[in-house]
Amino acid sequence: MIKAILIFNNHGKPRLSKFYEHYSEDTQQQIIRETFHLVSKRDENVCNFLEGGMLIGGADNKLIYRHYATLYFVFCVDSSESELGILDLIQVFVETLDKCFENVCELDLIFHVDKVHNILAEMVMGGMVLETNMNEIVTQIDAQNKMEKSEAGLAGAPARAVSAVKNMNLPEMPRNINIGDISIKVPNLPSFK
Amino acid sequence: MALKIVKGSIDRMFDKNLQDLVRGIRNHKDDEAKYISQCIDEIKHELKQDNIAVKANAVIKLAYLQMLGYDISWAAFNIIEVMSSSKFTFKRIGYLAASQCFYEGTDVIMLTTNQIRKDLSSPNQYDTGVALTGLSCFVTPDLARDLANDIMTLMSHTKPYIRKKAVLIMYKVFLKYPESLRPAFPRLKEKLEDPDSGVQSAAVNVICELARRNPKNYLSLAPLFFKLMTSSTNNWVLIKIIKLFGALTPLEPRLGKKLIEPLTNLIHSTSAMSLLYECVNTVIAVLISLSTGMPNHSASIQLCVQKLRILIEDSDQNLKYLGLLAMSKILKTHPKSVQSHKDLILQCLDDKDESIRLRALDLLYGMVSKKNLMEIVKKLMIHVDKAEGTTYRDELLTKIIDICSQSNYQYITNFEWYISILVELTRLEGTRHGHLIAAQMLDVAIRVKAIRAFAVSQMAMLLDNGHLLAGNMQRNGICEVLYAAAWICGEFSEYLQEPNQTLEAMLKSKVTTLPGHIQAVYVQNAGKLYASVLQQNEQDGDKEAAQEITQMLIDKLPQFVQNADLEVQERASCILQLIKYIQKLQAKDVPVAEEVMALFAGELNPVAPKAQKKVPLPDGLDLDAWINDAPSESSSDDENPKKMIFHEEEQRSARHRQPEMDEDELARRREVRKQEQANNPFYIKSSPSPQKNYQDASGVDHIPVVQIDLTVPLRVPGMPLSDQYLKLEEERRQQQKQDRQKKKKKQKRDKKGKRRHDSLHTESDEDIAPVHHVDIITEEMPENALPSDDDDKDPNDPYKALDIDLDKPLADNEKLPVRTHRVSEKKSPEIETSPVEEKSKKPSKKAKKEKDKKKDKEKRKSKEKVSKKHKFSENAENEHAAPEEEIITPTSKEESEKPTGEASDLDFWLSNTPVQSKSQPEPLRNEVASEPVASEREETLKEKDKEEDAKSSKHKKKKHKKDKTKEEKKSKKKKHHSDEEAPESVQNGSLDEEPLPPMSNYCLLAENSYVKMMCDIQGNLQDGSQVVVSVIFENQSSGYLKSMEFNVLDSLNTKLVRPEGSSIHDGISVPFQLPPEVSNEARFVFTMESIVMPQKLKGTLTFIVKTDDGSSHEKLDFKLHFTCTSYMITTPCYSDAFAKLLESGELKMCSIKVDGISISFQLLLAKICFHHHFSVVERINSCASMYSRSIQGHHMCLLVKMGDSSVSVDGKCNDSTLLGNLLDELKQTLTEKC
């Protein structure tokens, strides 16, 4: 079982948090903070597993994470998950994000956390891995997006126009902030497929 | 209306959407909290609007704020409103917010039940999907109960997208509503074989999660999983299954034996590290469960260790970490195999990654021996010095203590060395483990008598330097060491060189800065020390010195009397008064030392931590009699409510109590016990160490023989350096060796000596004698202590509820709650108040009843006719399952056979009999595989007898199994090549570097509009002249297929095995019926004379099709093609055996060449393995040697070489005809399918 999925940036700012067990908001924040502290002080070239243990649940649990440019993707899992399998799942997740957002960067996650949630929901459900095939995930997401668009229809048009105007008026388009793209190519990916 | 919408959306334009909110927060970095509270006010306003779009917008913003740590539970009702929107966009937002913040404590959650049910049955699959996803996050026991049936219906949804989600969510439902597990389980099991791999994977996932918690309930699924394991190519599924097997093997060692082969094959063939790692892990679990070292398993363990070494040597830190992790599991059972990789593990200690260093440390535990302990610890001490960061250093410290103290200090040859190591460790600043060091010091000093003198001298030194410790590290745990030091110096004061000095050190004013409990020990032991000093002085007749020391104590003790700690205060004032009294006596010239010494007389023995708990009630002991001396009737247990506290004991005593037990008897026993205790002062119970010869000696005051090596100075000036002991140890060993060699010359020792002579460095552990004749006093345990370890299980474990026996038949009351119309209740007030309504409902109710009846009838009918195979009947039942209001009624009649049947199925499957596990739905069938399968279920008496025979023979077999195992073990090594199961061929090549297309050996046999037959032919391992044809019948019509009969026209060479007494023209009836769109498999056995040629047989299937319109007789002709391949059995072969075989020169050779091959070599090999039942012996680049065996024992060796676009295959076989034919078939496969 996956107990929690967290995404935060190099400064510990949460970009997505998904807990598959109930914790109060305060505890959630504390977990995010502590996880960040654990993960951020690790070098780049050390292993991606951490026996966080006490953070969520018991000693059975592990933190498995990957660091992409500005973002940490952390999965907290118990012993029924394969460590290398989860690493691979993170990779699939990021690649899927990359496909859905076209060159995903931290800003996409900042402004479209709902979409990230939707993509995640197609991969992991209630803490269990639902789908690992990227194409299948993308297909489902596309179909849902299409449905969303058709529902928005005419009524959505003015809102879209306004938000376009809003973006125009802003002195800095968020995309221009150079936060750095998430590098997708990870050299030592365990050949899983 | 339209205007309103437009107006609404224009209003909306100026609302903040999620992006605006995020942007706003980013622009208000300084007053974020204030800005957000503003936004929340806006959101509250938006939520009051009627427009659902506005609400949804507000809710998505709330979901974002939730991530930032804001409580949004106040908006729960609004979230539900958004969830119930008809638009998917909003619904999704609603469910997302709900999944983020709803939980069991959310009070409005029960309002969602109907909404969710509506969404689950929505025609739009994404509505259903979104509802399932949301529900998976916030399902409560109530929701689980109310929706279980709806979800179960979805498990058979037409869309795999829904099916897999429904299957997955069932796990959550089971957790919250355990009663649903049994009714839903058959369907879940069915999903293991779902055509969609995603659904299959989900089902595997759920069952693995279930089985992980309560593995024993899922043992009966092992055959099914075994089949999946050998057929699946999805690594996710494989990993889950292999992990599951890891959990199952401890319960069933036979399963482990069965698994070893396929797992080893997987290890050899797979290139996916994750899969490899899990395989290794499970093999380890298997080997642990098969604790007896079977000869051919040492190969497996070697393989594992070797593969793990590759992982550890990898540059990828992740693999390194996992390798070490798995290695530590092997260590527990097979330390020897790990020890050979000591170099590697020591190397990992220097790794820059802390996690890896920690894992390597774990392994060190098993690496040590008497010989290398000192070296290893020295290395660790260096690391301790170098280590930055207290966590790692503390870990090192505990590990050093762990490995030194393991198994009763087994590896320590020189305790002086160990004490000095401990003393060195006290120099660590800021460690948390002071108490650990202290405990070790105490333990060693108490239990190793020979070391006490040395220990005391070291401790005295620590006390002298104590102010250093106390000064710097008041807050740290290291001062705990002083606790031990003070106690040791006090308790064993007779060994002190300069007791006066030590006494002074203990009474320094700095001591008062120490924690209270340490000061208390100081005070108490100052008393002890004083007593011994006093005695010394009196013996010497040095009255002045005695008075001096008394005066000193009287001067120093008051500082402790004023201490804040009560314990210290009390002890200090007590001792102070005592000493004042002594002073008075001294003034009168009365010798007091003896009396003062008596205060502290007696030896303290170590007591095992669990000793108290383990005191059993001795036989015949009446607790009351013992305490009260005069047993009275009134205090009998059941009348005394106070005794309830000792409930456990009471029961036990009740059990053991003998009715007549008089005073004399008790007294006698007491005497006996006392005698016993006197003879056995240490109550030694466990693990007698070889040195403890003194046990036999009688008398409490027995003193062990101590031979102190005089080359070791007893007092080391200054702080001791453990390093010196390394040198000394070496010298000593050298000395010993020389001694021994001298002896050898004299006594002419045997081989052992010779060997030592040959290799100076392979001294075995036994040769290293410890410096001292050390007696390690075993910790005291009460007499007759029970060895049982009572580890209580947590009663609050949520998974405990799921510990449900799944093999038991479903009882009538076990069904999922289903929404039913209340009218079925006769006295329902609704009916009385609204008769009109009732009328309208009655007919429908009747209709329903009728329908039900009909259903029941049908069911019963089918039940009667259908053969009793439960698997099939389940199918039938599920076919009946009407989508909505269906009640899963248990069919107890057939199910009642299930438990025993299944258990024996499993037994059978696990027994060593080879199995054609290509398809394993009814393992029982294999039992009579050699008999005509179809007849097995017919209930004629004759058949029954036969079956019983088979069963009883099976029982016999089981009985004899144990006796046989030894023989089997021997024979297995030879035999296990032929014992191999067919499906191994699947993994042999199919799971490798690249994803391989799904392959199946089932080929179309014949087909018409009613039925489709697929078949696969496999050699029978039990009998060299038989092959088993597995035929899948698939019903392609809309009617029922019944009375199917399978018949072939025998040839001289090949004959269908028919039940006894039937003529060669009779067909065999297929043991099942097929409802529409259902398929099932049957097996038929054929006997062969010669297998060197392919054969073709004509056959016919006759059957009755029953549709609504009526029934008709139909038939279908087919041609069974027995290829030479079907006589081959995948058999692994090791390269050395392979080479021998080729060298033997008995094989005939033949070769072929195929051009125009474009597939990869990998795939090519996989194809040959799969379709032609070969296994790869060795593969070098684009060249591979392969091996297989025919059912009649022909060896078949292939050398496959791949050129640019051509493949050449050289074959060698005992029989050239067979070889030729097989190569032809091979050529055909390669040309047509490439």
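Both backbone and side-chain heavy atoms feed into the values below; hydrogens, waters and symmetry mates do not. All chains are named by letter (A, B, ...) in the order of the sequence lines, taking the proteins before the strands, and each is independently numbered beginning at 1. What you see is a predicted model, and the numbers here were worked out from it, not measured in a lab.
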Option in A/Asp78, A/Thr27, A/Asn118 with maximal non-hydrogen atom pairs under 4.5 Å from chain B =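 Result: the option with the highest number of such pairs is A/Asn118.
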
inquiry  = Among A/Glu148, A/Met125, A/Met147, which residue has the highest count of heavy-atom pairs closer than 4.5 Å to chain B?
reply    =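 That would be A/Met125.
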
message = For B/Leu325, which atoms come within 4.5 Å of any heavy atom of chain A: side chain, backbone, both, or neither?
response =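 Contact with chain A involves the side chain of B/Leu325 alone.
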
Residue pair A/Phe73, A/Tyr68: steps toward the ring pair (Phe, Tyr, Trp, His ring centres under 6.0 Å) verdict = CA-CA 8 Å; A/Phe73 288 72; A/Tyr68 295 95; 5.6 Å; yes

task = Would you please classify the geometry between the A/His67 ring and the A/Tyr72 ring as parallel, tilted or perpendicular, with 30° and 60° separating the classes?
result =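 Rings of A/Tyr72 and A/His67: parallel, as their planes differ by under 30°.
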
[X] portion near chain B, given a 4.5 angstrom heavy-atom threshold:
X        : value
A/Gln140 : both
A/Gln144 : both
A/Val129 : both
A/Arg42  : side chain
A/Asn48  : both

Taking side chain as C-beta onward, heavy atoms only, is [X] less than 4.5 Å from [Y]?
X        : Y        : answer
A/Met1   : A/Val77  : no
A/Glu136 : A/Glu122 : no
A/Asn45  : B/Lys352 : yes

message = Evaluate A/Thr70 against A/Glu106 for side-chain hydrogen bond (donor to acceptor under 3.5 Å, both in side chains), listing each step before the verdict.
response = CA-CA 7 Å; A/Thr70 58; A/Glu106 190 184 343; 3.0 Å; yes

